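Below is one structure, written out as structure tokens; the observations come after it.
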Amino acid sequence: MFRRARKILALSAVLAFWIAPFVGAAQPTEIRVGVLAYLGLEEAESAWEPTLAYLNATLPGYRFTMVAGNVAFLTAAVAAHRLDFLITNPGHYLELKIDYSASALATEQDLDGFASGESVGAAVVALDRRKDLQHLTDLRGLKLAAVAPDAFGFRAASRELQDRGVDPLKDVSPVFVGYPAGGVLDALRSGRADAGIIRSCLLEKLIGQGKADADEFKVLGRKPTDIATCQVSTRLYPGWAFVKVAQTSAPLADAVTRALLGMQPGPGDKIWTEPNDYQTVQELYRSLKVGPYAPFTRLGMADLLWPYRYAAALVGMAALWWVSHVIRVAQIIRRRTRELEEAHELARLKDAKMEHAMRLSLMGEMASSLAHEINQPLASILSYARGCERRLAHGEDVDGVREAIGRIAVQAERAGDIVHRMREFVRKNPARQEPLEPAAMFRDALALFEPSAAAHELRVKAEVPDSLPPVLADRVQIEEVTLNLLQNALEAVDGQPEKRVRLVVTQEGSSIVVAVSDNGPGLSPAARERLFEAFHTTKPGGLGLGLSLSRSIVEAHGGRLSADENAQRGATFRFYLPIAQNEAQENVQERALV
Ligand code: ADP
């Protein structure tokens, strides 16, 4: 029992699957009819619904559906092949005819009774109390309200004004109020405009509906018409067109035409008659140079860009802002860079001046001790010279005299050397670096320091090994640094019961380390921070330049100078000098051989 029922169910499912498409094919074909909604969608629907309902009833194989929209929307729909027919105004039809080969199947005939081809016009209305307004030429220099520049009524009235020598855009000031067209009358009532353009018969319709008083408005420049029901100011043109687009099939178009011409209208319904050739509309457009006859405007670049004008203006402004911002930033960068360069240059000049001043001051500070050092060879020279005199006076041996003269020459050369180097140093000449044996250099420095040490009853303990590798250095400058450190150490230990100063030279990796330590008061943390600052001194007669100059000399040699507190007592100053490269070492060895 159940099995049978299941079988029937399965069978009917299979049948339904196969039959469904054929049932679907029997459905009426959808036909899309575009409708120009110039008074809003609702108005368009109520105006044209009877026509579509009639077509649906007369041609049951089709389902006519309404697609309402404005001119731009409908034109785009035609271009996209999304419509089969259109009901539109004569101007729009003319454009579609030229651009998309559309053709009119029937022309709307107002039941108000004008002859075929003379169905629509425009009335130029003004408030009845405006006695100054009688003719269209009275409008010169006044405000004229209309729905829109492309409204058919405005165009029809423009032609009449133009014929009377009044330019509708220049000689009058148009005020466009938009749809619905009743807004034109409101503009007159509120005084926003002196006169207004409305479609023929609209005034009568509004009076009939009680929306306007019979004696409130008057029509300017009236034309005699066949039928007196509506007053018009313009020529009459054919009514709206029922239009077929290019790809709609001929049999369907025939069927629709026949149906339309056979339509029996109810009260207030539209009536369709033989299609008009719309020649008069064509003339209207040509005389106004609008629509299809607008010079150079159709498909022009400006037309394409016009809808995007606000976005384009925004993009343009953003681009302008961006460019000006980039230029401003570039200018700021350039100005800051220039300021920085100037500041650097100023600092460099200041440094150079300061260094020069420091050298000079150091010279002043060291002048006395150097004078003393030069005095030493001078004293030796003097004593050797006196010895020679004595020996010669006593007629003693020539050999002794010759030896003394040789020593005089050596001492004189030494003194000259010191003077020469000092002059070079003060002149800001670059250091004259040459490969030097550290042992000899530091022993010389110690020898120079010896008289000062002796005057303060100090014996400097020195550890200077002979085996140290050579360094690339300016002898006089390094001796000055060493002497400065020894002098500071001497001053630090002055007054100590037991004075201890040590000079230790060692090798550490690729550097020679020179350490000068003392058992003086050491370095307070505050003093340590400012130790190497120029002009920092804690001594009554001090200049505060020795350490800063010493550091710059050592750094100019590629080394560094530092100060440390001793674990026990006092301070240790160390400076590092890089060992000379092989080539330089060889030079030293060669010179030693020579
Ligand atoms: P000056 O000797 O003319 O003061 P320096 O630049 O040589 O200039 O020294 C700066 C300061 O550093 C000194 O005034 C002193 O306070 C401190 N100083 C230098 N050497 C030592 C040292 N061995 N022990 C303690 N303080 C020192």
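Values in this document were obtained by computation on a predicted structure and should not be read as measured data. The figures here come from the full heavy-atom set of this structure, side chains too, leaving out hydrogens, waters and symmetry mates. Both ligands and their constituent atoms are indexed starting at 1 by order of listing.
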Got a sec, which residues hit ring pair (Phe, Tyr, Trp, His ring centres under 6.0 Å) with Phe152, two or more places apart in sequence or on another chain? Tyr237

In terms of atom number and element, which parts of ligand 1 are under 4.0 angstrom from non-hydrogen atoms of Gly522? 25 (C)

What I want to find out is whether Arg560 reaches Glu555 closely enough, with some N-O distance under 4.0 Å, to be called a salt bridge. no

State the atoms of ligand 1, each with its element, that fall below the 4.0 Å cut-off from a heavy-atom position in Leu531. 12 (O), 17 (C)

Main chain of Gln568, side chain of Asn566: is a donor-acceptor contact present, judged purely on distance under 3.5 Å? no

State whether the shortest distance between N or O atoms of Ser548 and N or O atoms of ligand 1 falls below 3.5 angstrom. no

Below the 3.5 angstrom mark, is there an N/O of Leu523, backbone or side chain, next to an N/O of ligand 1? no

Just checking Glu339: does its CD atom have more than 12 heavy atoms from other residues, nucleotides or ligands closer to it than 6.0 angstrom? yes

Determine, stepwise, if the pair Gln433 / Arg475 fulfils side chain to side chain contact (heavy atoms under 4.5 Å, CB included). CA-CA 8 Å; Gln433 296 186 354; Arg475 177 190 291 273; over 6 Å; no

For Leu547, the ligand 1 atoms with a heavy-atom partner under 4.0 Å come out as 5 (P), 6 (O), 7 (O), 9 (O), 12 (O), 19 (C)

Which part of Phe532 is near ligand 1, with near meaning a heavy atom under 4.0 Å away: side chain, backbone, both or neither? neither

Among pairs that include at least one residue of residues 505-522, which meet salt bridge (charged side-chain N to carboxylate O under 4.0 Å, His left out), considering only residues two or more places apart or in two chains? none

For Asp518 and ligand 1, does the shortest N/O to N/O distance drop below 3.5 Å? yes

Any salt bridge linking Glu463 with Lys461? Criterion: basic side-chain nitrogen under 4.0 Å from a carboxylate oxygen. no

Thr538 N/O to ligand 1 N/O under 3.5 Å: yes

Checking the N or O distance criterion of under 3.5 Å, is ligand 1 in contact with His536? no

Counting only heavy atoms closer than 4.0 Å, does ligand 1 sit against the backbone of Leu485, its side chain, both, or neither? neither

